[in-house]
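Here's the structure, in structure tokens; my notes come after.
Values in this document were obtained by computation on a predicted structure and should not be read as measured data. Proteins come first, then strands; the chains are lettered A, B, ... in the order of their sequence lines, and each starts at number 1.
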There are 2 protein chains.
Amino acid sequence: MPRFSQKREAILDCLRETKSHPSAEWIFHRLRPRFPDLSLGTVYRNLGQFKRQGLVSSVGVVGGLERFDGEVTPHPHFVCDRCGEVLDLPPQPLPESIRAEVEVLGARVTGYTCCLHGVCQICQSMEHGNIENQKEISNNSGGM
Amino acid sequence: MPRFSQKREAILDCLRETKSHPSAEWIFHRLRPRFPDLSLGTVYRNLGQFKRQGLVSSVGVVGGLERFDGEVTPHPHFVCDRCGEVLDLPPQPLPESIRAEVEVLGARVTGYTCCLHGVCQICQSMEHGNIENQKEISNNSGGM
DNA sequence: ATGACTGCAAAGACTTTGCATCTTT
DNA sequence: AAAGATGCAAAGTCTTTGCAGTCAT
């Protein structure tokens with residue numbers, strides 16, 4: 001059975017405190033100052049464990065990186081295809097018509113992920129020759 | 001500007017003819033008999049081109065493999081977390097409330113992906129000790 | 001001929017894993 | 001002590017890319 005671990009706790013807390021829907025690397029870099037000997041493998045291992053336990057959810061893979069969410073109540077997301085930022089959208093009840101359709105298929109539904117894709121406000125502002133916000137990109141992305 | 005290519009045509013056709021929401025590898029193996037010298041890199045390159053051109057859509061990454069869809073009209077999917085099968089669900093209008101919410105964020109939406117997750121009928125039947133359908137798994141999965 | 005497309009293999013990027021060591025109970 | 005958890009580095013997967021040769025226009 002699982003035991004207490006300072007680092008595991010920190011990883012879970014980190015995930016729950018941020019709204020960036022971070023990747024494993026993002027968490028790793030965030031915690032590195034506090035745990036200079038933290039290893040990326042540990043972050044991956046614990047995230048996998050959290051997922052199996054239903055403590056965290058996955059937003060899906062964005063730009064090659066899996067993004068996690070400390071909020072497990074199902075809700076849709078907006079994903080910026082430019083910078084990779086992930087934003088929360090208000091929870092939506094799954095349309096009854098869909099639920100019915102899945103039943104016809106004989107499948108059992110355990111959850112869902114829904115991502116609107118597009119371009120976020122900041123990235124739009126840069127499309128018009130405005131590069132003022134350019135540096136924001138690397139800061140906004142939970143990609144790392 | 002792009003030119004005609006026998007293999008590219010075959011890749012697109014293959015994607016449009018199947019309902020398996022295949023991965024690059026699946027397409028590769030499917031076309032190998034007809035094009036013994038086909039290379040996996042070519043499949044990836046063309047899929048990437050199709051995506052940029054909007055000729056195909058992406059279902060997302062399932063079990064580590066990106067899955068594609070020849071149907072570009074947005075519609076939700078069901079993904080079996082056991083065998084990786086991807087099924088089509090009938091198109092659903094994006095709830096107005098969500099569209100409004102995204103506008104508040106100032107983001108521009110270009111599309112969406114929605115995947116219900118769960119266990120498909122075949123995999124359910126195997127949960128009860130029935131292994132009759134076991135071999136089906138490898139055939140049903142577009143994973144490869 | 002020219003520019004595009006492809007095969008091949010190497011390189012990249014993200015994630016998983018084996019093993020010795022250190023922690024928690 | 002016993003069972004877990006971690007660091008480290010190697011291995012695994014999937015995908016991208018460089019380059020030389022091939023094909024379409």
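In this entry the distance linking CD of A:Q49 with C1' of D:dA5 reads 9 Å, nearest Å. Remark: C1' of C:dG7 and CZ of B:R8 are 15 Å apart, rounded to the nearest angstrom. The distance from atom CD of B:E25 to atom P of D:dT16 is 13 Å, rounded to the nearest whole Å. Atom-to-atom, CD1 of A:I27 to C1' of D:dT6 comes out at 17 Å; the value is rounded to the nearest Å. A straight line from CH2 of B:W26 to P of D:dT15 spans 16 Å, rounded to a whole angstrom. As rounded to whole Å, 15 Å separates atom C1' of D:dT13 from atom CD of A:E66. For the pair B:F28 CZ and C:dC8 P, the interatomic distance rounds to 9 Å; values are reported in whole Å. Following rounding to the nearest Å, A:E9 (CD) and D:dG4 (C1') show an atom-to-atom distance of 15 Å.
Contact between the side-chain N/O atoms of B:K7 and the OP1/OP2 oxygens of D:dC23 is not found at any separation under 4.0 Å.
The side chain of A:S39 lies closest to D:dC8, out of D:dC8, D:dC14, C:dG7.
Residue-to-nucleotide proximity on DNA chain D shows that, of A:N46 and B:A24, the 5′-proximal contact is made by A:N46. Both B:M1 and B:L38 sit near DNA chain C, but only B:M1 has its closest nucleotide nearer the 5' end. When each of B:V61 and A:L40 is assigned the nucleotide of DNA chain D bearing its nearest heavy atom, the one mapping closer to the 5' terminus is A:L40.
The NZ atom of A:K7 sits 14.5 Å away from atom SG of A:C14, with the distance rounded to the nearest 0.5 Å.
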**Item:** Under 4.0 Å protein heavy-atom contact, by nucleotide of nucleotides 17-25 of chain C - B base, S sugar-phosphate only
**Value:** BB-----BS
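Checking side-chain atoms of A:Q124 against main-chain N and O of A:V119 turns up a donor-acceptor pair under 3.5 Å. Formation of a donor-acceptor pair under 3.5 Å by the A:R8 side chain with backbone atoms of A:F50 is not found in this model. Judged purely by atom type and a 3.5 angstrom limit, B:R99 has no side-chain atom pairing as donor or acceptor with the backbone of B:V109. No side-chain donor-acceptor contact under 3.5 Å links A:R67 to the backbone of A:E85.
Residues B:V62 and A:V61 do not share a hydrophobic cluster, defined by chaining ILVMFWY side chains whose heavy atoms lie under 4.5 Å apart.
Ring pair A:H75/A:H21 is tilted by interplanar angle, where 30° to 60° counts as tilted.
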